[in-house]
Amino acid sequence: GRQRALPACADCRQMADLPQRDKHLLRFTDAGIERAFVSSRHEDLAGKTCVSIVLLLLYCALVIGEIVCQRWAGSQNIFLDTPEGNMVGELRNWIIIGLAGTAFLGLPVAMASSANRGFGPRGLEMLVSCGLCLVTLILVLQYPWYLAKLVGVADPMEHITPGTCFFVDDNLMLTLDILLTASHIMLPLRWVALLPVELAIFLCYALPAITLGLSDHSLSMIVNNIVILLLLTIFAASGKRALERQERLKFAQLAKERTLRAQAEHELSRTMEAQKQGTALLDEQDKVSLPESMRQSIPETLQSSGLPGFQKHYCTRREMEAAFEEGAPHLGLHPVECPQSSATLRSVLSLLFDTAAGGALICVADPGALRRVFDWHGGSNSQAAVPVVQSSDGGYMTDRLKGIHISDGCFATAFREFTEHSNNDRWPEDHPDEAARGRPKDGAFLLSNSGYRLKCAAKLLGLPPAAAFPNAGTKHQAALACASAVADAFVFVRSDSGTIHLAFKQRCGRLCVCTLHE
């Protein structure tokens with residue numbers, strides 16, 4: 001048979017390399033890319049949600065102000081001065097006050113999400129969608145004719161002031177159309193998240209119109225209005241879907257460009273490190289060829305002069321927690337968008353500041369990134385040419401913390417016992433757990449972004465030196481090497497004296513070390 005022809009134009013070939021999307025729901029098939037797309041719109045959605053709530057509060061204030069002015073002036077209200085009319089009028093007033101109260105309570109939630117301290121991106125989308133459905137229901141319930149019918153008034157015409165516009169539902173239909181248009185144009189919600197809102201607007205208008213009816217509407221007029229609203233809903237949904245398709249295409253192109261740029265920067269960094277290592281090796285060979293008296297006269301600090309430096313910063317614990325949430329341009333640090341990763345990093349700070357009794361090294365990274373660097377199952381005979389993760393205690397701590405989250409109290413207890421160093425840096429022979437007795441208390445904790453252990457008490461062997469860390473021991477040098485080699489890693493190191501450092505790679509690829517304090 002014939003082979004399928006390749007796309008002829010450059011744009012088609014470029015689209016073929018972009019992340020794949022679901023044909024019907026428009027979602028990216030890669031869950032990570034979908035989360036990134038939703039997160040990219042989170043701040044804009046939170047800000048516009050605040051504006052929408054303020055507009056809703058203004059509407060409620062105008063309605064309540066009109067009611068108060070009518071009562072103060074003694075003029076006729078929507079309902080006539082009859083027992084049933086007064087009852088329905090009071091109930092409508094309380095519904096509008098409830099709508100204003102709900103909007104008032106939702107405002108601080110939206111403001112907190114705008115500052116990245118409230119709901120996550122998906123949670124805020126769900127909250128806004130549910131809020132729009134609730135507003136739709138309340139707008140229909142407060143409509144005088146429908147409200148009177150729902151509370152059991154046989155003939156609302158006897159209790160509604162003649163000459164008002166509430167004998168027909170054109171005003172209600174226009175209000176729902178405004179809500180439909182605003183939710184699709186103003187709010188950056190995904191097309192899928194707006195499906196419940198579209199269904200709620202259509203049903204909340206159609207069902208009361210058919211079952212309760214209006215005095216001035218025949219059945220044919222009701223059906224006509226329902227068809228018009230249905231067409232408006234379909235057109236709004238189709239336009240939103242087409243707009244989101246273009247937004248996703250642009251986001252996918254941007255993600256691809258950033259990925260290619262990051263790969264290029266990584267390859268450039270590896271090339272520069274290889275060149276520096278080659279220069280250091282030549283310097284070492286030249287040194288060996290010198291006479292013994294000259295070799296002894298070379299200062300030890302010059303032997304590491306070929307290694308690059310790193311940026312140093314000082315910040316408090318709270319400042320670093322805020323940097324994880326909001327980013328820190330002066331540190332070259334992006335915001336940690338994943339809530340689980342952010343919670344894991346805060347838990348690590350809590351362990352090092354509040355729990356640890358001695359020195360420790362903790363690396364938080366993606367499991368795949370760690371496995372791309374290290375020979376994960378390397379034994380004691382592994383060659384140093386390939387970096388190896390090797391257990392120092394026969395896997396005792398790894399087995400002990402299996403399936404235990406870093407925020408669990410059991411994790412903190414085990415971590416404190418591990419950092420309580422003795423004279424020989426081993427578990428005491430009289431420890432209640434026989435499996436721990438006599439085993440070394442040494443090595444790093446490798447954690448996933450989700451907060452679960454990958455390896456504990458692990459030796460990181462074979463990593464090339466990344467930078468010179470003056471006046472520091474092998475644990476700090478290993479932390480710098482790990483932060484340089486493992487993509488997007490956060491490496492925390494605590495000295496026996498209690499000083500805490502955090503090493504990571506900046507956006508430009510340069511190492512950064514932050515000295516942390518309370």
Side-chain angles (χ1 to χ4, degrees), residues 31-32 35-36 39 116-123 317-318 320-326 333 335-371 373-374 376-377 389 391-420 427 431-433 435-436 439 441-460 479 482-483 486-494 500-504 516:
R35 284 195 301 269
S39 299
N116 294 321
R117 298 184 183 277
F119 288 86
R122 291 178 182 270
R317 173 181 177 179
R318 299 305 177 194
M320 183 53 63
E321 290 177 347
F324 291 147
E325 295 288 338
E326 304 169 5
L333 183 62
V336 180
E337 296 180 349
C338 176
Q340 285 185 333
S341 301
S342 179
T344 298
L345 294 173
R346 292 196 302 271
S347 297
V348 172
L349 289 176
S350 178
L351 280 180
L352 295 177
F353 276 100
D354 306 330
T355 304
L361 192 154
I362 301 177
C363 174
V364 180
D366 179 72
L370 286 167
R371 289 185 170 90
V373 173
F374 293 100
W376 204 250
H377 302 288
V389 175
S391 176
S392 66
D393 62 354
Y396 165 71
M397 285 297 293
T398 302
D399 295 337
R400 180 175 175 178
L401 296 178
K402 181 179 181 181
I404 301 177
H405 194 263
I406 187 174
S407 61
D408 195 302
C410 296
F411 196 107
T413 300
F415 184 78
R416 180 172 182 81
E417 292 180 359
F418 181 84
T419 55
E420 289 176 346
W427 292 88
H431 193 270
D433 189 350
R439 294 187 181 274
K441 289 184 176 183
D442 189 22
F445 282 67
L446 306 183
L447 305 180
S448 66
N449 290 327
S450 58
Y452 292 93
R453 68 96 182 102
L454 300 172
K455 288 282 187 179
C456 298
K459 297 179 182 178
L460 309 180
C482 186
V486 181
D488 299 325
F490 290 93
V491 186
F492 300 81
V493 58
R494 185 185 192 274
I500 299 174
H501 294 91
L502 168 60
F504 60 91
L516 307 179

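Predicted model only: the values in this text are computed from it and were never measured. Throughout, residue positions are numbered sequentially from 1 according to the sequence presented.
By the 6.0 Å contact criterion, CZ on R317 is enclosed, its count of non-hydrogen atoms from other residues, nucleotides or ligands being greater than 12. The local environment of CG in D488 is sparse, with at most 12 non-hydrogen atoms from other residues, nucleotides or ligands closer than 6.0 Å.
Between F324 and F492, the ring planes lie perpendicular to each other; the angle is over 60°, past the 30° to 60° tilted range. Ring geometry for Y396 against W427 counts as perpendicular: the plane angle is over 60°, on a 0 to 90° scale with 30° as the lower cut.
A side-chain donor-acceptor contact under 3.5 Å links S342 and R346.
One finds no salt bridge joining D393 and K459 here, because no Lys/Arg side-chain nitrogen approaches an Asp/Glu carboxylate oxygen to under 4.0 Å.
The main-chain N or O of A457 is found under 3.5 Å from a side-chain atom of S392 such that the two form a donor-acceptor pair. Of the possible donor and acceptor atoms, none in the side chain of R453 sits under 3.5 Å from a partner among the backbone N and O of L447.
For H405 and Y452, the ring centers sit closer than 6.0 Å to each other.
Considering all non-hydrogen atoms of both residues, T355 and R416 come closest at O-NH1, 2.6 Å.
Listed by first and then second residue, the salt bridge (Lys or Arg N to Asp or Glu O under 4.0 Å) pairs that reach into residues 400-409 are R400-E417, sequence neighbours excluded.
Annotation: side chain of L516 is in contact with side chain of L349 (closest heavy-atom distance under 4.5 Å). In this structure, I362 and L352 have side chains that are in contact, with non-hydrogen atoms separated by less than 4.5 Å.
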